[in-house]
S.K.: 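Provided herewith is a single structure, encoded as structure tokens, for subsequent inquiry.
This is a predicted model, so every value here is computed, not measured. When a ligand or atom number is given, it counts from 1 through the structure's own listing order.
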Amino acid sequence: MKRLNSQLQKDGAPLELILLIRTLLAGCKEISFRVSQGALAGVLGSTLSENVQGETQKKLDVISNQILKDTLKESGYVKAISSEEEDTVVPCNPNGNYLVSFDPLDGSSNTEINSLIGTIFSIAHAPQWMDADDPSAFLQPGTQMVAAGYVLYGPSTMLAMTTGKGTHIYTLDKTHGGFLLTHPNIQVPAQTSEFAINASNQRHWEAPMKAYVGDLLAGADGPREKNFNMRWVAAMVGDIHRVLCRGGIFMYPYDNRNPSKAGKLRLLYEANPMAFLMEQAGGLANTGHGRIMEVMPTEIHQRVPVLLGSKEEVETCLTYYADAK
Ligand code: FDP
């Protein structure tokens, strides 16, 4: 079975990017180990890393953030980091060539119920003109990403990643510690009869989303003339993994609970990396008003509405937005 390294080489990734990805994944393997300790993670600690010893009472999302920060800072490849867990950017090596953005532990409320969680990341080139502590360097549209992916900490630990040459899924072989290519070049089915949304927010949605989901729920008796099934892991990384593997549409739309927030999910740490994976697997990723990867960020913690998944289903959803104009 092919290893990560040879697939990255086959996809033409430059050596320094490969080394950076391997460094990042070394941190994720340690997170995987700590996550697997579950409730014991705060009690037993780990023998894997010195740098977080003594901090084992912290929550797993804080520990995960620290692991990734330490690992990437030491690598020398990274000029700056932006993390969902940090108020502002973390400067690293002033001569580093890359910027890394991540959500260290997505769906962290699932840690309490031993359910799916994961790390989501993206990598872009560091502009030469920037200072390492300058957040504006991160304000690039998603089209500038050179790699993106997630590591899912589930019954097995899996990596979904793209460097722009298709989306590949790997499984961590814990016997030798490497990621093996188990699902090369996956393709999201264009059609689906499965959708994912937190329907408890229905009364807060905009009219097009209410109409679209209303028609899905009407099933074979409504205008869609077929029944749909609903799934909600409540960790984006788990829901997107399902959509990548067997199709579906995932939505966290704009809602009017807090009009100052454009959505719940973060552009840099969640929406953009998932959009890149989805598009590389033949799916679509949109805000309802345009392609996610073309959104020009105005600040690093920006939120966006997210509609992504099976191509034809996303297109159908978008017709409701177009009709509302
Ligand atoms: P969480 O707050 O648990 O980290 O990142 C936000 C996120 O999880 C997503 O992973 C998930 O899809 C969404 O929030 C779930 O939100 P709701 O609790 O509103 O359903």
S.K.: Any chance the side chains of Asp173 and His176 put a donor and an acceptor closer than 3.5 Å?
M.R.: yes

S.K.: Filter on salt bridge (charged side-chain N to carboxylate O under 4.0 Å, His left out), then keep only pairs touching residues 256-275, sequence neighbours left out; what's left?
M.R.: Glu84-Arg266, Asp255-Arg257

S.K.: Please determine, by modelled atom types, if Asn286 and Tyr321 share a side-chain donor-acceptor pair under 3.5 angstrom.
M.R.: no

S.K.: Heavy-atom contacts under 4.0 Å between Glu270 and ligand 1: side chain, backbone, both, or neither?
M.R.: side chain

S.K.: Assess, by modelled atom type and distance only, whether the side chains of Asp106 and Tyr269 contain a donor and an acceptor separated by less than 3.5 Å.
M.R.: no

S.K.: With heavy-atom distances below 4.0 Å as the criterion, list the atoms of ligand 1 near Leu265.
M.R.: 6 (C), 9 (C)

S.K.: Hydrogens and angles aside, do Tyr212 and Thr316 bring a side-chain donor and acceptor to less than 3.5 Å of each other?
M.R.: no

S.K.: Heavy-atom contacts under 4.0 Å between Val237 and ligand 1: side chain, backbone, both, or neither?
M.R.: neither

S.K.: Quick check on contacts: which atoms of ligand 1 are under 4.0 angstrom from a heavy atom of Asp106?
M.R.: 5 (O), 9 (C), 10 (O)

S.K.: Tell me the nearest of Met236, Lys264, Met251, Arg303 to atom 10 (O) of ligand 1, using heavy-atom distances.
M.R.: Met236

S.K.: Do Glu86 and Lys69 meet the salt-bridge criterion of a basic N to acidic O distance under 4.0 Å?
M.R.: yes

S.K.: Mind checking the CG-CZ spacing from Leu20 to Phe121? Nearest 0.5 Å is all I need.
M.R.: 9.0 Å

S.K.: Identify whether the distance between the nearest side-chain nitrogen and carboxylate oxygen of Asp239 and Arg242 falls below 4.0 Å.
M.R.: yes

S.K.: Do any nitrogen or oxygen atoms of Tyr252 come within less than 3.5 Å of a nitrogen or oxygen of ligand 1?
M.R.: yes

S.K.: Looking at Ala234, which atoms of ligand 1 are within less than 4.0 Å of one of its heavy atoms?
M.R.: 8 (O), 11 (C), 15 (C)

S.K.: Under 4.0 Å from any heavy atom of Ser108, which atoms of ligand 1 are there?
M.R.: 3 (O), 4 (O)

S.K.: Please say whether Gly107 places an N or O atom under 3.5 Å from an N or O atom belonging to ligand 1.
M.R.: yes

S.K.: Can you find an N/O atom of Asn198 closer than 3.5 Å to an N/O atom of ligand 1?
M.R.: yes

S.K.: Backbone, side chain, both or neither: what part of Ser109 comes under 4.0 angstrom of ligand 1, heavy atoms only?
M.R.: both

